Structure formats: C-alpha cells, structure tokens
Amino acid sequence: MKKFYYKSYSWNLKNNDLVIDYNFAADDKYSFSPKLIFKNVTQEVVEKNKLVINNLVFNIGLVELLSYWKAFVTPEIIIECGNLDDYQLAWWKDLLLKGMGQFFYENNIDFTNENFVNFKSVDTFKNNFQKVNVTGDAILVPVGGGKDSSVTLEILNKNFKNVSAFFLNPSVASMKTADISEVNKVVVERYIDKKLFDLNKQGFPNGHTPFTALLSFTSVLAAILNNHKTVVFSNEQSSEEDNTKFLGQSINHQYSKTLDFENKFREYNQKYLSNVDYFSFLRPLYDLQITKIFSRFGKYFSVIRSCNVGQKENIWCGKCPKCLSTFILFHPFLKDKTIEVFGKNLLEDESLKPMLNSLISETEVKPFECVGTREELKFALGIGDKKILTSWNNKNNLPKEYEQLLKKYL
C-alpha cells in the first residue's frame with residue numbers, strides 16, 4: 001500500500017442528532033465509512049454554525065483516519081476534501097509520530113526516517129470554513145468513569161454554575177458518575193467501521209491511537225453545539241512519564257494526555273477552530289495527589305471504573321496493570337475500602353508480582369496503560385519519597401481562579 005486517502009466527510013441533522021459520516025480508503029482496494037453522532041442538537045444551532053461545524057467535522061476526520069491508516073502504514077496520507085497549510089501539515093505529522101509511538105514499538109515499525117509518512121492536501125480545494133466565538137460561562141468536562149474526571153466534575157460542579165459532562169461512547173461508570181454529580185449530559189456516539197476489525201483478524205497491523213486527541217476535537221465541537229465556553233480535561237502530571245525508548249525516541253502511551261499535546265492543541269484550536277478555552281484542571285498534580293482528594297468523595301467509590309478490560313461488564317478485572325496501579329494508589333487513602341472496591345487485596349495476588357515489578361522498575365518497560373509514575377507507586381507502597389504529596393507543577397494552563405480552587409482542595 002502506497003497511499004491512504006481521506007476521501008470525504010458529510011453531516012446532517014436527523015431527528016435532532018448531528019450525524020457525521022467519513023470516507024477513507026487505502027489505495028483503491030479498501031474503503032472505510034466510520035460514523036459519529038452528536039446527540040440532541042437543535043436545528044437553530046446548526047443553521048447558525050454551518051461553516052463552523054463543517055470545519056470541526058473535517059478536522060475530527062483527520063484524527064479519526066489514524067485508526068484506519070495504521071492497518072496499512074502508507075508513506076502518504078492524501079487529504080482530498082480539504083486544504084491544509086504548512087503549519088497544519090507539520091502539526092498532524094507530529095501528532096501521528098508522537099501519538100502512535102506505542103503502535104510503532106509494538107509492531108516493530110521504524111518511524112524515524114524523515115519521509116516515513118507525510119500528509120498532503122489537494123491545493124485546488126478552497127476551504128469554506130469559519131472560526132467560532134462562543135460566549136457565556138458554561139463548562140464542559142469530559143468524563144471517562146475513573147477517579148480523575150469524577151474529581152474534576154465534583155469540584156467544578158460545587159464551585160461553578162453551568163457544568164456539563166461530556167461522553168464519547170459513555171460507559172456505565174461514566175454515566176453513573178454524572179448522575180451522582182447531577183450535571184447535564186452531552187453525548188457523542190462513535191461507530192468504527194467493522195471492516196477494520198476484519199483486517200485485524202487477518203493480521204493487518206493494529207494498536208494504540210491517540211484517543212485523547214480525538215476526545216479533544218470532538219469535545220470542542222460538542223462545546224460549540226451546546227454553547228459551552230470552556231472545556232476542562234482531567235489529565236495529570238503522571239501522564240508525562242515515558243513507558244520506554246524505541247529507536248532513540250521516547251514512547252509514551254499517554255502522549256495525547258501530556259502538556260506538550262495540550263499546548264499544541266490549544267494553539268491549533270485558537271488558530272483554526274474556536275475561542276473555546278481548553279485546558280486540564282489536574283495538570284499540576286500527580287495521580288497520588290488526585291487520589292488523596294478523591295478519597296474525600298465517598299459517594300463515587302463504588303461507581304468509578306477505569307479498567308479497560310472490564311469496561312463493558314462494568315467491573316475491575318483485578319488482573320491488569322490499570323487495576324493494580326489504581327489499587328496501589330488507593331490503598332494509603334481509602335485503606336480497607338480499597339479491598340471493598342476491588343473485591344480482594346491485589347497485593348496478595350502472587351500472579352501479579354511480575355506486573356508490580358514492571359510498574360515500579362526503572363529497567364523494565366512500563367505497562368502501556370494510564371498508570372501512576374514509578375515514584376508515586378513506590379511511595380504508595382511505602383518505599384518512596386513523601387515530597388510527591390506536596391508537589392505542584394507550575395507548567396500548566398489553569399486560569400487563576402481554577403488554580404486557587406485546586407490548591408484549596410489540595
């Protein structure tokens with residue numbers, strides 16, 4: 001395969017849902033038609049924002065295509081339905097290379113050549129796009145069903161008016177989190193083309209894509225459609241730690257949760273998309289500090305789930321790095337309640353010892369999951385530095401009032 005094509009996108013309003021269809025192709029042999037549905041959108045909002053919606057829909061497609069490109073890893077990605085300037089061409093290449101590091105590592109793909117991949121757009125295409133200015137004070141919080149977004153939702157909802165929860169394919173846990181905090185819900189459904197799963201079964205390359213980047217673009221469109229001026233994520237300091245090195249490059253499972261991506265997305269958004277303010281509320285803190293705050297919000301203990309293995313059944317599987325990391329972080333603060341949450345003491349499970357070692361060892365590859373840093377997990381196990389509990393990273397994008405608010409809870 002030589003070329004991957006972003007052929008087209010279309011959107012329309014059906015029964016108060018904004019339905020978006022994409023068309024991607026690899027050479028002339030394979031084509032894919034994924035779909036997104038933004039629930040409960042009014043005709044009035046669509047009429048007012050047609051060019052704005054067009055622009056966001058086009059850009060969301062640029063993230064969505066990564067899930068399909070990875071099956072072919074073509075050196076060229078041809079954008080046939082929109083024009084990208086030089087800044088954008090470089091921006092999207094940068095996201096692909098950094099956001100898909102884990103995929104390259106796990107599939108042993110050398111991505112270090114300058115011409116490994118390039119985005120190209122059709123110059124003759126004239127973009128009829130428009131940036132939007134949203135007014136008001138409403139806040140949109142992406143909620144995944146784990147402790148971090150429940151902390152953000154609880155604190156912001158207690159201290160600000162007009163807070164809503166945003167979901168992309170909501171899980172049972174994420175919906176229950178929003179129910180407990182009694183906020184409005186903004187929902188987007190995502191449908192992956194089943195042909196991609198068929199290719200995976202045939203042995204085409206498969207692996208991790210930068211999901212938080214997709215969440216970032218979709219949340220900005222959701223904010224515009226629902227008149228929310230601010231999008232507040234719950235990405236934390238712990239996401240900065242790399243998992244391993246590969247071909248001299250840092251590989252980070254959580255790249256699109258890092259400050260580097262946040263800064264780049266903020267700039268891209270301001271330049272091409274909207275005036276929606278986008279930042280992460282928990283950026284100054286480590287997972288351990290967030291867990292300490294979370295330990296005061298008992299109403300969420302039995303509801304949250306962040307285990308990817310057990311997400312569909314709404315359980316903690318008790319066998320994966322995410323479960324083990326979360327158990328370790330909870331234990332110093334939730335004490336015996338931790339065992340209630342997980343149904344057993346994971347630290348007594350002998351079969352998890354090698355996994356525990358990979359979570360805290362400097363020499364092993366850190367598991368490719370959203371887990372705590374080696375240092376904070378060591379502290380939670382009683383063998384690390386206390387200083388981590390009083391840490392505050394000044395490299396963040398928090399507006400002053402949000403910063404003061406978070407410090408109060410710390």
Side-chain angles (χ1 to χ4, degrees), residues 1-12 18-36 50-100 103-104 109 111 113-132 190-193 195-196 199 204-205 209-218 220-221 255-256 261 264-265 267-274:
M1 295 284 159
K2 298 264 191 330
K3 293 178 182 178
F4 187 89
Y5 295 92
Y6 180 0
K7 306 290 282 184
S8 66
Y9 62 90
S10 62
W11 57 270
N12 57 15
L18 184 74
V19 180
I20 300 169
D21 291 286
Y22 292 105
N23 185 241
F24 307 128
D27 287 353
D28 295 324
K29 203 173 171 190
Y30 300 93
S31 69
F32 305 95
S33 304
K35 187 188 286 285
L36 286 169
K50 276 185 174 168
L51 293 179
V52 172
I53 293 169
N54 213 43
N55 187 24
L56 258 302
V57 169
F58 166 66
N59 277 279
I60 291 167
L62 292 165
V63 199
E64 191 65 270
L65 70 78
L66 298 177
S67 294
Y68 300 86
W69 171 84
K70 73 177 186 226
F72 309 100
V73 194
T74 64
E76 285 187 314
I77 298 173
I78 314 289
I79 315 301
E80 291 192 338
C81 54
N83 193 309
L84 300 179
D85 63 25
D86 289 345
Y87 174 95
Q88 289 172 295
L89 291 169
W91 195 94
W92 285 102
K93 180 174 176 173
D94 179 71
L95 173 63
L96 184 153
L97 294 175
K98 289 182 177 152
M100 300 199 55
F103 166 76
F104 300 137
I109 294 167
F111 64 106
N113 183 312
E114 198 185 328
N115 288 315
F116 166 70
V117 67
N118 284 298
F119 284 80
K120 293 178 180 174
S121 66
V122 182
D123 290 341
T124 53
F125 195 99
K126 286 284 170 277
N127 287 356
N128 191 13
F129 294 153
Q130 192 177 315
K131 241 180 78 172
V132 68
R190 179 190 184 208
Y191 298 91
I192 294 169
D193 191 321
K195 285 187 288 231
L196 184 62
L199 292 181
F204 282 68
T209 55
F211 179 73
T212 305
L214 179 65
L215 205 54
S216 299
F217 279 91
T218 48
V220 168
L221 178 53
Y255 171 71
S256 59
F261 175 77
K264 285 169 179 168
F265 182 79
E267 188 175 286
Y268 190 97
N269 174 45
Q270 293 293 334
K271 228 171 148 74
Y272 298 100
L273 308 176
S274 73

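Computed from a prediction, not measured in an experiment: that's the story for all the values here. Count residues from 1 along the sequence.
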[X] to [Y] - nearest heavy-atom pair and separation:
X     : Y      : result
Phe24 : Gly61  : CZ-O, 3.6 Å
Pro75 : Lys2   : CD-O, 3.2 Å
Glu64 : Pro34  : CG-CG, 4.2 Å
Met1  : Phe72  : CG-CD2, 3.7 Å
Lys70 : Pro205 : O-CB, 3.3 Å
Gly82 : Ser121 : O-CB, 3.4 Å

How long is the straight-line distance from [atom2] of [Y] back to [atom1] of [X], given to the nearest 0.5 Å?
X      : Y      : atom1 : atom2 : answer
Asp21  : Lys35  : CG    : NZ    : 3.5 Å
Tyr255 : Leu97  : OH    : CG    : 10.0 Å
Arg190 : Thr218 : CZ    : OG1   : 9.0 Å
Thr74  : Asn118 : OG1   : CG    : 10.5 Å
Leu214 : Leu36  : CG    : CG    : 6.5 Å

Hey, are the side chains of [X] and [Y] touching, using non-hydrogen atoms and a 4.5 Å cut-off?
X      : Y      : answer
Leu96  : Ile77  : yes
Leu95  : Pro210 : yes
Asp94  : Phe261 : no
Asn54  : Trp11  : yes
Phe4   : Val73  : no
Thr209 : Met100 : yes
Phe58  : Tyr6   : yes
Val117 : Phe111 : no

Indicate, with yes or no, if the rings of [X] and [Y] have centres closer together than 6.0 Å.
X      : Y      : answer
Tyr30  : Tyr68  : no
Phe265 : Phe217 : yes
Phe104 : Phe116 : yes

With distance as the sole test, does [X] use its side chain to make a donor-acceptor pair with the main-chain N or O of [Y] at under 3.5 Å?
X      : Y      : result
Lys195 : Ser31  : yes
Asn59  : Asn55  : yes
Lys93  : Phe119 : no
Asp193 : Ser33  : yes

If you draw a 6.0 Å radius around [atom1] in [X], do more than 12 non-hydrogen atoms from other residues or ligands fall strictly inside?
X      : atom1 : result
Asn113 : CG    : yes
Asn12  : CG    : yes
Lys3   : NZ    : no

**Message:** Assess whether a salt bridge exists between Asp27 and Lys29, defined as any Lys/Arg side-chain N lying under 4.0 Å from an Asp/Glu carboxylate O.
**Reply:**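 Looking at Lys29 together with Asp27, the answer is no, because their closest N to O distance does not fall below 4.0 Å.
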**Message:** Between Asp86 and Leu89, does the side chain to side chain contact (heavy atoms under 4.5 Å, CB included) criterion hold? Intermediate values first, please.
**Reply:** CA-CA 5 Å; Asp86 289 345; Leu89 291 169; 4.1 Å; yes
**Message:** For Asn83 and Asp85: C-alpha separation, side-chain torsions, deciding distance, then whether side chain to side chain contact (heavy atoms under 4.5 Å, CB included) applies.
**Reply:** CA-CA 7 Å; Asn83 193 309; Asp85 63 25; 5.5 Å; no
**Message:** Testing the 3.5 Å rule here: is there a donor-acceptor pair between the side chains of Gln88 and Tyr268?
**Reply:**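 Gln88 vs Tyr268: donor-acceptor pair found between side chains.
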**Asked** Do Asn23 and Tyr5 have a side chain donor and acceptor closer than 3.5 Å?
**Response**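 No, Tyr5 and Asn23 have no side-chain donor paired with an acceptor closer than 3.5 Å.
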**Message:** Working note: Leu65 + Tyr22, criterion side chain to side chain contact (heavy atoms under 4.5 Å, CB included); need CA distance, chi angles, decisive distance, verdict.
**Reply:** CA-CA 9 Å; Leu65 70 78; Tyr22 292 105; over 6 Å; no
**Derivation and outcome, side chain to side chain contact (heavy atoms under 4.5 Å, CB included), residues Glu267 and Trp91** = CA-CA 10 Å; Glu267 188 175 286; Trp91 195 94; 5.9 Å; no
